[in-house]
Amino acid sequence: MKVFYHADCLLHNPPFEILGKEVPYLETPSRLSIIQKALSEKPGNFEISDELDNNIDLREWILKIHESEYLDYLETAYDTWVSDGGDETAVFPEAFPHISLLPKKPYNPRELSSIARAGLYCFDLSSPITKDTYKSVLAALRVTLTAANEVRSLAAGEGVFALCRPPGHHAMPSLCGGYCFINNVAVAARFLQMATFQHSPTKLAILDIDYHHGKGTQEAFYTDSSVLYVSLHGENDYPCRLLLRGTTGDDEYCAALEHATTTIQSFDPAYLLVSLGVDTHIEDPICDFNITIEGYLRIGKVISNIQKPTLFVLEGGYDLESIGLNVRNVLDGFQGKNSLWDFFFFQYG
Ligand code: Q9C
Ligand code: ZN
């Protein structure tokens, strides 16, 4: 399986976030290095490449999902913040200009103070903007769209993986939050659809297996019958919604996933996009599910039953001990391979 990756994705590295108190930033660059290492272990058939398609006009595609005002904000927020006297560490909102506080008459958001702007375009304290954030955000999208280009030449049941960060599925047209800035999967969906557009829009399915609900992705396609969004996520957590109990383990999860795959199969999309989060793992520091390392192998197998050319894009997953094997097992299971864990056990166990 081809894997796209770029070192610029490591640049976004805020020292902390606020989770009731200051904690080290969980969505850390080492997540990528650890996964990259796990995919490089032998035996393996992953071909990791950092040769990205530099001809893709990222701005053009971002604007299919996000507002240009917001994109300009992401690009300029850090410099404006610092020149207004803000701390050089990162842009951290400290005031949230709720709609009732904003001018009633039309106004230019650029005229707001940089503190007010930071709160206007952000819904939580998990997405500080550092000097290099924008560069990483663009790199993540270029990795994703390069991989999306590749998925067009894949056969049914084959896959390609965009190994990138920051993640994207929480990002809204004009809002960052939940470690997300640009919705990589949503932009990739439009990119795939519009470049293969013939008489009617190409049907696509997005399967979101991150622990959290991808509100950004859901809203992008809510009224669009050509894109089916299916999400498995924890109930009563950040910020929505239904489906699986906090104690959900491998069996219960795979049963729900089989249900999701049946729905996707009857929709019969041209391509499948997978928002691949492994924060469902039992040891994840911010999530409640109980998926095991072995469970991810089963999850990959169930996804492969959909039998479509498949683009995997990394979302969450914060347990650094297991994240590498978890991601690798989804991709190994998808390709009908055994767990690397089984291999180690066989060799050294
Ligand atoms: N207990 C992704 O997995 N912190 N984002 C929320 C609430 C942010 C997760 C804390 C969680 C965002 C891509
Ligand atoms: Zn998540």
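Whatever order the structure lists ligands and atoms in, that order sets their numbers, starting from 1. What you see is a predicted model; the values in this text were computed from it and never measured. Index from 1, following the sequence.
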Can you list the ligand 1 atoms lying under 4.0 Å from a non-hydrogen atom of [X]?
| X | answer |
| --- | --- |
| Gly178 | 2 (C), 5 (N), 9 (C), 12 (C), 13 (C) |
| Tyr179 | 5 (N), 9 (C), 12 (C) |
| Pro167 | 13 (C) |
| Asp279 | 3 (O) |
| Leu19 | 4 (N), 10 (C) |
| His170 | 2 (C), 5 (N), 9 (C), 13 (C) |
| Ser126 | 4 (N), 8 (C) |
| His169 | 13 (C) |

Closest to the Zn ion (ligand 2), which N/O/S atom of [X] is it?
| X | value |
| --- | --- |
| His212 | ND1 |
| Asp210 | OD1 |
| Asp279 | OD2 |

Glu88/Lys131 salt bridge by N-O under 4.0 Å criterion: no
Glu27 and ligand 1 - part of the residue with a heavy-atom distance under 4.0 Å: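 Neither; no heavy atom under 4.0 Å.
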Is it the side chain, the backbone, both or neither of Glu17 that has a heavy atom closer than 4.0 Å to ligand 1?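 No part of Glu17 comes within reach of ligand 1.
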Test your reading of the structure: does Tyr318 have an N or O sitting under 3.5 Å from an N or O of ligand 1? yes
Regarding ligand 1, does Glu315 bring an N or O atom to under 3.5 Å of one of the ligand's N or O atoms?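 By distance alone, the answer is no.
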Starting from the C-alpha separation in whole Å, work towards a yes-or-no answer on side-chain hydrogen bond (donor to acceptor under 3.5 Å, both in side chains) for Asp132 and Ser136. CA-CA 6 Å; Asp132 292 319; Ser136 271; over 6 Å; no
N, O or S atom of Glu315 closer to the Zn ion (ligand 2) than 2.8 Å: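 No N, O or S atom of Glu315 is closer than 2.8 Å to the Zn ion (ligand 2), so no.
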Test salt bridge (Lys or Arg N to Asp or Glu O under 4.0 Å) on Glu27 and Arg31 and set out the steps. CA-CA 7 Å; Glu27 199 286 284; Arg31 297 174 63 240; 2.7 Å; yes
Transitively linked via ILVMFWY side-chain contacts under 4.5 Å: Ile182 with Met194?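 As far as the 4.5 Å side-chain criterion goes, Met194 and Ile182 are connected within one cluster.
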Before giving the answer on side-chain hydrogen bond (donor to acceptor under 3.5 Å, both in side chains), spell out for Asn13 and Tyr25 the whole-Å C-alpha distance, their side-chain angles and the decisive distance to 0.1 Å. CA-CA 8 Å; Asn13 190 13; Tyr25 199 62; over 6 Å; no
Taking the side chain as everything from C-beta on, heavy atoms only, tell me whether Trp81 gets closer than 4.5 Å to Arg117. no
Might you work through the side-chain hydrogen bond (donor to acceptor under 3.5 Å, both in side chains) test for His169 and Ser275, ending with a clear yes or no? CA-CA 7 Å; His169 74 158; Ser275 263; 4.8 Å; no
Distance from Glu94 atom CD to Asp87 atom CG, nearest 0.5 Å?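 Spacing of CD (Glu94) from CG (Asp87) equals 10.0 Å.
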Measure from NZ or CZ of Lys203 to the centre of the six-membered ring of Phe267, then state whether that distance is under 6.0 Å and the direction lies within 45° of the axis. yes
side-chain hydrogen bond (donor to acceptor under 3.5 Å, both in side chains) between Thr248 and Asn290, worked out: CA-CA 6 Å; Thr248 295; Asn290 296 334; over 6 Å; no
